[in-house]
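Report on one structure; see the data block that follows.
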There are 2 protein chains.
Amino acid sequence: MNNQDLKKVGLKATLPRLKILELLETVESRHMSAEDVYKKLLEMGDDVGLATVYRVLTQFESAGLVSRHHFDGGHSVFELNQGAHHDHLVCDQCGKVEEFLEETIEHCQHKVAEKFGYKMTDHSLYIYGICPSCQKENKETDS
Amino acid sequence: MNNQDLKKVGLKATLPRLKILELLETVESRHMSAEDVYKKLLEMGDDVGLATVYRVLTQFESAGLVSRHHFDGGHSVFELNQGAHHDHLVCDQCGKVEEFLEETIEHCQHKVAEKFGYKMTDHSLYIYGICPSCQKENKETDS
DNA sequence: ATACTATTGATATTCATTGACATCAGTCAG
DNA sequence: CTGACTGATGTCAATGAATATCAATAGTAT
């Protein structure tokens, strides 16, 4: 079926592209860097080049299949576009990412853009913090 | 006076640091990359190393004198901390950056962090869009 | 099956950023 | 004011993410 999805957005249904799509669909952590994807594919015995992973992810992004996020601290992570829009909560310590949706915030953002006369195209909201389990760990370590 | 400011945060009042602070205070565009700062200093005839610029900016960030932002598209920009906290509205087309503050959003963010049990350390909100003057330009060009 | 073209993989390369280290400049005691 | 201690600097090398190059290869439509 993905075969068709790819063709629909103007991309040939090649092996690496299918593999990457499949990986993004099945993997538990929905937010992966290009490097992550590359390593995971190698682990699974699929032999794709790193350059291909970058290329394909970028193409997927242009095609609207995935979103790219720039979390603080360097490299970007990709996420399969499925389900509704949401923002992200990132743990500074373990890097865990959680998703949330706050209608009030979404609404306010539009109001702000409007107030300034901007035609809003996109927005990104990241909240950084220490997740509950890291907080617990920290307490145990401090002593 | 900056002399004192630096000592207050535990940094020696060295020439490069003073130059960089002064630059950040006087420059018209409040959002500069490390590279920008470096080039500007060279233009002004001040001979500092690029590594120093990075180091100093990072130290300033830790000291709370500046904030670092990761706008989409790679490198980070720094901004002098003066006045209140605010978020950013970035024009996709001309790159202009405007600042705004929305209490409602700020408040909601804290609530979200709390709901998930996170100890919030930071957050970043960027709204991307087309600014009024670019919209006007576009209309004139389309024809 | 064939031929055409987009895609791939390996590698080299760019670009931003950081590390290493010998030299230099601020600071503070005398 | 001077010296001496220590942190800060500049140069240059090194990293790491991401992109460009390009010959070889795989999809696709005929």
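All chains are named by letter (A, B, ...) in the order of the sequence lines, taking the proteins before the strands, and each is independently numbered beginning at 1. The structure presented is a predicted model; accordingly, all values stated were derived computationally and were not measured.
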Step by step, work out the salt bridge (Lys or Arg N to Asp or Glu O under 4.0 Å) result for B:Glu102 and A:Lys111.
CA-CA 10 Å; B:Glu102 250 295 315; A:Lys111 276 201 326 205; 5.5 Å; no

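- The number of heavy atoms from other shown groups lying within 6.0 Å of CD (B:Glu114) does not exceed 12.
- Residues B:Ala34 and B:Lys7 both approach DNA chain C. Their nearest nucleotides, taken by heavy-atom distance, put B:Ala34 toward the 5′ side.
- Between C:dA16 and B:Ser33, no contact under 4.0 Å exists linking OP1 or OP2 to a side-chain N or O.
- Separating the CZ atom of A:Phe71 from the P atom of D:dA17 is a distance of 16 Å, rounded to the nearest angstrom.
- To the nearest angstrom, C1' of D:dT9 lies 11 Å from CG of B:Leu15.
- The listed nucleotides are C:dG26, C:dT17, C:dT7; the one nearest the side chain of B:Thr14 is C:dG26.
- As judged by a 4.0 angstrom heavy-atom cut-off over every strand, A:Leu50 is placed among residues making no nucleic acid contact.
- At whole-Å resolution of the value, CZ in B:Arg17 and C1' in D:dG10 are 14 Å apart.
- For A:Ala13, taking side-chain heavy atoms from C-beta onward, the closest of the listed nucleotides D:dT9, C:dA10, D:dT28 is D:dT28.
- The nucleotide whose nearest atom lies closest to any side-chain atom of B:Lys12 is, among C:dG26, D:dG27, D:dT9, C:dG26.
- One atom, CG of A:Leu11, and another, C1' of D:dT28, lie 14 Å apart when rounded to the nearest Å.
- Remark: A:Arg55 is not in phosphate contact with C:dT7, judged by side-chain N or O atoms under 4.0 Å from OP1 or OP2.
- A:Tyr38 places its OH atom 10 Å from the P atom of C:dT11, with the value rounded to the nearest Å.
- Listed nucleotides: D:dT19, C:dT17, C:dT5. Nearest to the side chain of B:Tyr54: C:dT17.
- If you take CG of A:Leu6 and P of C:dA6, they are 17 Å apart, rounded to a whole angstrom.
- Checked against a 6.0 Å centroid threshold, the rings of A:His123 and B:His88 do not count as neighbours.
- Computed from coordinates, the A:Glu35 CD to D:dG16 C1' distance equals 9 Å when rounded to whole Å.
- To the nearest angstrom, P of D:dG10 lies 10 Å from CG of B:Asp46.
- In the set C:dT27, D:dA18, C:dT17, D:dA18 carries the atom at the smallest distance from any side-chain atom of A:His75.
- Nearest nucleotide to the side chain of A:Thr58, out of C:dG19, C:dT8, D:dT19: D:dT19.
- Inspection of the B:His86 and B:Glu79 side chains reveals an N or O donor paired with an N or O acceptor under 3.5 Å.
- For the residue pair A:His85/A:Glu99, the side-chain donor-acceptor check at 3.5 Å is not satisfied.
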